Amino acid sequence: MSHEPGRQASSETVLLADLATLEAPTASAAREATEGRERESTSELGEIVVTGRSLETNKPGPLPVQVLSGDDLVHRRQGGLGETLAGLPGIHLDNFGGGASRPVIRGQTLPRIEILADGANLFDVSAVSPDHAITTDPLLLDAIEIQRGPSAIRYGGNATNGAINLIDSKVPKSVPQGGLTGATEVRYGTGDEEKSVVGRVTAGIGQFAIHAEGARRSAEDYDVPDAYGSDTLRDSFAESTSYAVGASWITSKGYLGAAYSRMESEYGLPGHSHRNGVCHTHGLDLHCEAHGGFDDPFGGPDHHTALIKLRSDRVDVRADYQDLLPGFSDTRLRLSYTDYAHDEIDGDLLFTRYTNEVWDGRLELTHKPILGFTGTMGVQYTDGRFGGINVNDLHKPFPDGAYGFDGNPDFLTDNVGIFLIERRSFGSVDVEAAVRKDWRRIDVSVPTWRSTLSPEVQDLFVEWYGPDWQQLLEKEDVDAFRSRYPTVRHAPFSASLGATWTVGQGYALGLSLGHTERAPSVRELYARGNNLATNSYELGLAVGNPVLGEQGLAAEDVLETTDAVNLTFRKTGGRFEFEVGLFYQKVDDYVFARLQETETATGIPHNFLIYTAADARFAGIDGAISFQLTPQSRLTLFGDYVDAKLKRENDNLPRIPPGRLGARYGLAAGPVSGDVEYYHTFAQDEVASYETRTPGYDMLNATLSYRFDLGETKAVELYVRGSNLLDELAFAHTSFVKDQSPLRGRSIVFGMRHVF
C-alpha cells in the first residue's frame, strides 16, 4: 500500500498440452485463438501440443517462449498472476498476501516486465507498488504466453526482461460452429475456503459473434504452517468479481470487434502498520518522531485491518485483417480505454486513492515479402493521467486558518512509439531484427491553491505583502512545486537481432542480441514520502535527489540501458525433449533504491531509500528437460538460477530470486490424467544491506483429473489439485514483505468444468 505523505505449460517449457480450455474452441476458433501455434496432434476436443514459440508466429522464435494453457492453466490458476505462474522455469513471484502477486522473470519484475492483454498493454498501477494487484482474472484466461529476451522490445523498454501476453476470448475471433459454445466451472479450496464460479458463452448469428463471461472468487485468510506462529495469515483474504461482454463482425479475411470489461476486487494487506506514517526527512536524515508541523496523519491505534478496494473499467477495440491494404498481408489494430481506481483504507480511514486513466492505440501492418523479407511496422500512442503517489492524508480535510494546495497532483504521460520487425529465412536459419523508438514526456499538474485564513489574518497579509498577497503566495508555492516536480522527457531506443538455426530432427539453436533502453517509471522519478507497504521512505530521481546532484546529473540524464545475450537450445518431438536458456545482461544506469539509513524509533524499522543509478549485470540459466517414459507418461526436470552483481557499489541488488531445481511426472491414460511436481528452492545468502537471509524450502504439488466425454465438443472434467502438500513454511525472497507474508500452507482445490 503506497502511502507517502504530502498534501503538498505445465512446468516444462518444451511441451504444453492445450486440452479443452475453459471454453473448447471449434477448429476455426482454435486456429484464430492460437494464431499460428504449431499443431502436432489434435484430438476430438482440440488438443494442441505447443512447442516453445510465440502465439504470433508460426516458427520458433529467437527468444524463449512459454505458453501455459488448457488443463495446465486451469489446474495452476490462483487469485493472482504471480501465484499462477510461479514455479515455471525462470519465473518466481513477488507476493503480498492473497490479493496481489507479481511474476518475477529472470530476477526482475514490474516495471521491467510488460503485461499485455492480447497484444495491448494492460494499464493498472501494479508497477507502482508490490501491494497493487495486476488487473486480470486468471479464471477467465484461455492462455498465458511468456516471452523472455530482448525481442520483446516491440512492446517498449518496459519489456526489458520480457512480456506476458494474456490471451482471452472477450472479443470473439470466429463464429462458433453450431451457433453456441460455452463453459462453466466451480472450485473450492481448503487452504483459504476459496469459492469460485466461472461462466462464459459465445453465440453466433450470421457473420456476428457475441461473447459474455463472468467470474466470482471469494477467499478467506489463507492457511500457513503452525511454525509461523499462527495457523492463518491475518488480512490475507481476497475477493474479486470480473465480467466482460463483447461482439465481433467476422469475415473470411478477419474480424473487427469490441468488448467492455470490469473488474472489482477487495483484499487485505497482511502485516500492514501505519506507525511509520510520522516519518519525515531533514536533509539526508530520516526522523520518525512527531514535532512541529510533522505529525502522524493517522493517529489512534495501529491494529485495524488495512485493505484495498479496486475497480477497473476497460474498453477494447480489436481487429485483425488479411489483405486489407495493398502491399500488406496483415493489419492489426488494438485500441483501449482504461479507467482504473483503487482506495487504500486503514480501519475506517480512506487515506489514499490511486487512479489511472489511459487512452492507448496500436496499429501494426505486416508487409508482403520484399527481397525475401517479411516484416511488421507499427505505431503506438499512449495518453495517461495517473495519480496517488506521495499521499497518505486523504482522510484529513483542508484545515481552517491555512493556505496552500488543496488536492493532489496528477502525472500526465504522453508517449509515441514506432517500431519495425523484419524476418527472413536463409535455408535452415531464421533471422529476426527489431527496432523501436519512443518519445515520452511526463508533466505534473499543479493542484488547486486555496486559503482559509480568517479576515483578521488576511488583513495582516495585506500589510505584509500588499493587496495581491494571494497571487504572490500562490506563485511562490507553484514555483516551488514545479521545481520539486519538473517535467521529464526521455527518448529511449531499443533494438534486437536474433537467429534460430533449425538443425533437424527437432533440434534448434537460438541466439538473440538486444540493446534496450528503459525510461524510469513515475515512482522512480517522483516518489517523495513514505511507502508503508514496504516500510520505507523513498526519494525519486527528479525531486531534488542529492545523489544525482552530487554527480551533476538530472533525472532526464538517467536512461537504463541493457545489452543482453540470450542463447537457447531446444529439441521438440520424440521421446526426449528439452529447452534450456542461457542469458547475460549488462545494465548501465540500473535504477534501484539505495539504502541511506534505517530508523527504528517507532519499533518498526523504516528504511530511507534514495533512487539512484549504478551499473549492474545479470546472468543465469533456466529451462526444462523431459523424457517420455511410456506412451502415457513423461518425466520432466526443470530449474533456474540468476546471479546478479551491482558494480562499483558496496551492496547487493535486493530481491534477487534464489536458485531452484525440480521434477515433474505427468500421466495421461484415457480419461484420467495427473501429475506430481516437486521442487527445491535454495537459500538466498546474497542479500542487500537492508535484507536478511532467506532459507530454502521444498514444494510438493499434485493434480488428478477425470474427464467425461459427452460428445464431439462437450465434456465434463473433475479435478483435484494439492499445493504445498508438505505444509512447508516458505518465504519468497523476491517479496518486499517476505517475513509478514509467507507463502500459502497446504491447500487442496476441488473443481469441476463443463464445456459445451
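The structure displayed is predicted, hence computed values, not measured ones.
Counting only residues at least two apart or in different chains, ring pair (Phe, Tyr, Trp, His ring centres under 6.0 Å) contacts with residues 581-603 comprise Tyr590-Phe618.
Judged as a side-chain hydrogen bond (donor to acceptor under 3.5 Å, both in side chains), and not counting sequence neighbours, the contacts of Ser261 are Lys170. For the side chain to side chain contact (heavy atoms under 4.5 Å, CB included) test, residues two or more places apart in sequence or in another chain that qualify with Thr413 are Arg440, Ile442.
Salt-bridge formation is not detected for the pair Lys309/Asp343: no Lys NZ or Arg NE/NH1/NH2 atom is positioned less than 4.0 Å from an Asp or Glu carboxylate oxygen. Under a 4.0 Å N-O distance rule, the pair Glu266/Arg311 does not qualify as a salt bridge. No salt bridge links Asp477 with Lys475; every basic N to acidic carboxylate O contact stays at or beyond 4.0 Å. A salt bridge is absent between Glu649 and Lys647: the closest approach of a Lys/Arg side-chain nitrogen to an acidic carboxylate oxygen does not fall below 4.0 angstrom. Checked for salt-bridge contact, Asp615 and Arg648 meet the test: a charged N lies under 4.0 Å from a carboxylate O. With respect to Asp410 and Arg385, a salt bridge is recorded, a charged nitrogen being found less than 4.0 Å from a carboxylate O.
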Please evaluate residues Glu364 and Arg154 with respect to the criterion salt bridge (charged side-chain N to carboxylate O under 4.0 Å, His left out), reporting the C-alpha separation (whole Å), side-chain torsions for both, the decisive distance (0.1 Å), and the verdict. CA-CA 11 Å; Glu364 300 181 6; Arg154 65 185 297 178; 3.0 Å; yes
Could you walk me through whether Asp118 and Arg334 pass the salt bridge (charged side-chain N to carboxylate O under 4.0 Å, His left out) check? CA-CA 9 Å; Asp118 196 32; Arg334 295 293 184 267; 3.3 Å; yes
Evaluate salt bridge (charged side-chain N to carboxylate O under 4.0 Å, His left out) for Arg106 paired with Asp622, printing each intermediate quantity in order. CA-CA 8 Å; Arg106 291 181 165 178; Asp622 49 46; 2.9 Å; yes
Report the C-alpha distance between Arg314 and Leu122 in whole Å, list the side-chain angles of each, state the deciding distance to 0.1 Å, and finish with yes or no for side-chain contact (heavy atoms from CB on, under 4.5 Å). CA-CA 10 Å; Arg314 181 176 170 113; Leu122 184 71; 4.2 Å; yes
Is there a side-chain contact (heavy atoms from CB on, under 4.5 Å) between Asn165 and Ile115? Walk through the geometry before answering. CA-CA 6 Å; Asn165 197 15; Ile115 309 295; over 6 Å; no
Using ring pair (Phe, Tyr, Trp, His ring centres under 6.0 Å), reason through Phe123 and Tyr340 one step at a time and then give a plain yes or no. CA-CA 8 Å; Phe123 295 101; Tyr340 172 98; over 10 Å; no
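Below 30°, between 30° and 60°, or above 60°: for Phe608 and Tyr537 the angle between ring planes is above 60°, a perpendicular geometry. Classification of the Phe351-His395 ring pair by plane angle, with boundaries at 30° and 60°, yields perpendicular. Below 30°, between 30° and 60°, or above 60°: for Phe481 and Tyr485 the angle between ring planes is between 30° and 60°, a tilted geometry.
Side-chain contact check for Ile656 versus Glu686: every heavy-atom pair is 4.5 Å or farther apart. Two residues are said to be in side-chain contact when any heavy atoms from C-beta on lie closer than 4.5 Å; Pro130 and Arg102 meet this criterion. Counting heavy atoms from C-beta outward, His733 and Val687 have side chains that approach closer than 4.5 Å. Side chains of Leu743 and Phe731 form no contact here, defined as non-hydrogen atoms less than 4.5 Å apart. Side-chain contact check for Ile113 versus Gln108: every heavy-atom pair is 4.5 Å or farther apart. Between Glu145 and Gln147, the closest side-chain pair of non-hydrogen atoms falls below 4.5 Å. Thr487 is listed as a side-chain neighbour of Arg441, based on a closest heavy-atom distance under 4.5 Å. Counting only heavy atoms from C-beta outward, the side chains of Leu513 and Asp563 never approach each other to under 4.5 Å.
Note: Phe96 and His272 fail the aromatic proximity criterion, with ring centroids not under 6.0 Å apart.
Counting only distance, with no hydrogens or angles, the side chain of Thr136 and the backbone of Pro138 share no donor-acceptor pair below 3.5 Å. A distance-only check finds a donor-acceptor pair linking the side chain of Thr160 to the backbone of Gly157 [under 3.5 Å].
When the shell of 6.0 Å around CD of Gln551 is examined, it contains more than 12 heavy atoms from other residues, nucleotides or ligands. Within 6.0 Å of NZ in Lys437 there are more than 12 heavy atoms belonging to other residues, nucleotides or ligands.
Closest approach of Leu646 to Ala616, counting heavy atoms only: CD1-CB, 4.1 Å.
Neither side chain, His342 nor Glu264, offers a donor N or O lying under 3.5 Å from an acceptor on the other. At a cut-off of 3.5 Å, with distance as the only test, no side-chain donor of His606 or Asn535 sits close to an acceptor on the other residue. Under 3.5 Å, the side chains of Thr598 and Asn607 contain a donor-acceptor pair of N or O atoms.
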